[in-house]
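Sending over a structure as structure tokens; questions will come in a sec.
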There are 2 protein chains.
Amino acid sequence: METTKKMKMMSLDQLKDKHLGEVGTIERDKYEFDLKIEILGDMIKSVRKERHLTQEQLGELIGVQKSQISKLERNTRNVTIETILKVFKALKANVKFSIEMNEGEFKVA
Amino acid sequence: METTKKMKMMSLDQLKDKHLGEVGTIERDKYEFDLKIEILGDMIKSVRKERHLTQEQLGELIGVQKSQISKLERNTRNVTIETILKVFKALKANVKFSIEMNEGEFKVA
DNA sequence: AAAATAGTTTCCATATATTGAAACTTTTTA
DNA sequence: TAAAAAGTTTCAATATATGGAAACTATTTT
């Protein structure tokens, strides 16, 4: 099993944001990772913990039972984008998505 | 504050397959965007175009009909993570996911 | 303009994601 | 250590994502 690797990093963009905002008061966390089903749940859990919420509280914010949150965090199954967005929106976390590709890497079979 | 920048090393295979440009100048495209259902399809389409594939060809790579690809690109519905990963994997594109949050922004209702 | 290719839509079946309720287990607190 | 709180699992219902087939429209090519 893979352990949760929580990588905190500060990007240039964040530095800019920080300077634009109130000096030194805005702490911004960014978690970035290769998208895999197995990691998503861990991310939900991480952010929820950071917000000091119980599964039940998060569930209330979204409008679902705590069991639902548990399932999501435990990666018991596939998830739809909509569900992911609902959760992170409730956690007031900004979700970004990026796609990287090397030019010319591709060959049609 | 440390930035962990891990630009992927280029493999020899990638260099070999590179058909234009000089050695060592493989361009890497990165599309980053706030995750929204409406945008995902556009991204699939963009990357597919960049790979010079038709919907039918992409479908073959994944093992689905072209109509399926059309539906995905046209954002006709919600999508699961699994499907997203399947598509971008076939396109040899690296999918990243990031979550940003401001500390202390959160208030429990 | 006709043919060929590419993309879209509809109809429909099947698989599975979402969800609640309740019982259960684990962790925390008094 | 007993009670309370937090988290997990199971059972079951419903909604909906995935997918193929075929007819359709749009675009490109000859």
>> Would you say A/Q68 places a side-chain N or O within less than 4.0 Å of OP1 or OP2 belonging to C/dT19?
In response: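 Answer yes for this pair, as a side-chain N or O of A/Q68 is under 4.0 Å from OP1 or OP2.
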> Heavy atoms, side chains only, cut-off 4.5 Å: are B/K96 and B/K30 in contact?
Replying inline: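 The answer is no; the side chains never approach within 4.5 Å.
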>> Under the ring-ring contact (aromatic ring centres under 6.0 Å, His included) definition, can you give me all pairs with a residue in residues 60-92 of chain A, not counting sequence neighbours?
In response: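 Of all non-adjacent pairs touching residues 60-92 of chain A, none passes ring-ring contact (aromatic ring centres under 6.0 Å, His included).
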> Is a donor on one side and an acceptor on the other found under 3.5 Å between the side chain of B/R51 and the backbone of B/K92?
Replying inline: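 Yes: the side chain of B/R51 pairs with the backbone of B/K92.
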Could you go through nucleotides 26-30 of chain C and list every protein N or O atom that sits under 3.5 Å from one of its N or O atoms, giving the distance for each pair?
none

>> What contact category does B/S70 fall into here, base, sugar-phosphate, or nothing, at under 4.0 angstrom with non-hydrogen atoms?
In response: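 Answer is base: heavy atoms of B/S70 come under 4.0 Å of a base.
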> Of B/T54 and A/E82, whose nearest nucleotide on DNA chain C comes first from the 5' end?
Replying inline: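 Looking at DNA chain C, the more 5' nearest nucleotide goes with B/T54.
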> OP1 or OP2 of D/dG7 less than 4.0 angstrom from a side-chain nitrogen or oxygen of A/K49, does that happen here?
Replying inline: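 Yes.
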> Below 4.0 angstrom from OP1 or OP2 of D/dG7, is there any side-chain N or O of A/R48?
Replying inline: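 Yes, within the criterion.
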>> Does D/dA22 have its OP1 or OP2 closer than 4.0 Å to a side-chain nitrogen or oxygen of B/K66?
In response: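 No, outside the criterion.
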>> With nearest nucleotide decided by heavy atoms, which residue, B/Q55 or A/T83, maps closer to the 5′ end of DNA chain C?
In response: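 Residue closer to the 5' terminus by nearest nucleotide: B/Q55.
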> Is B/L53 close to B/L91 at the side-chain level, that is, under 4.5 Å between some pair of heavy atoms?
Replying inline: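 Yes; the side chains approach each other to less than 4.5 Å.
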> For the residue pair A/F97 and B/F97, does the interplanar ring angle fall in the parallel (under 30°), tilted (30 to 60°) or perpendicular (over 60°) class?
Replying inline: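 The arrangement is perpendicular - the two ring planes meet at more than 60°.
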> A/L40 versus A/L72: any side-chain heavy-atom pair under 4.5 Å?
Replying inline: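 They are not in contact (no side-chain heavy atoms under 4.5 Å apart), so the answer is no.
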> Is the phosphate of C/dT16, meaning OP1 or OP2, less than 4.0 Å from a side-chain N or O of A/N78?
Replying inline: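 So the side chain of A/N78 is outside the cut-off, no N or O lying under 4.0 Å from OP1 or OP2 of C/dT16.
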> Does any donor-acceptor pair link the side chain of A/K71 with the base of C/dG20 at a separation under 3.5 Å?
Replying inline: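 Pair found.
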> When all nucleic acid strands are considered with a 4.0 Å heavy-atom cut-off, which category describes B/G59: base, sugar-phosphate, or nothing?
Replying inline: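 No contact.
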>> Quick check: on DNA chain D, is the nucleotide nearest B/V79 upstream (toward 5') of the one nearest A/R74, or the reverse? Name the residue that is more 5'.
In response: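 Upstream on the strand: A/R74.
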>> With heavy-atom distances below 4.5 Å as the criterion, would you say the side chains of A/N94 and B/L35 are in contact?
In response: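 Side chain of A/N94 against side chain of B/L35, heavy atoms only: no contact under 4.5 Å found.
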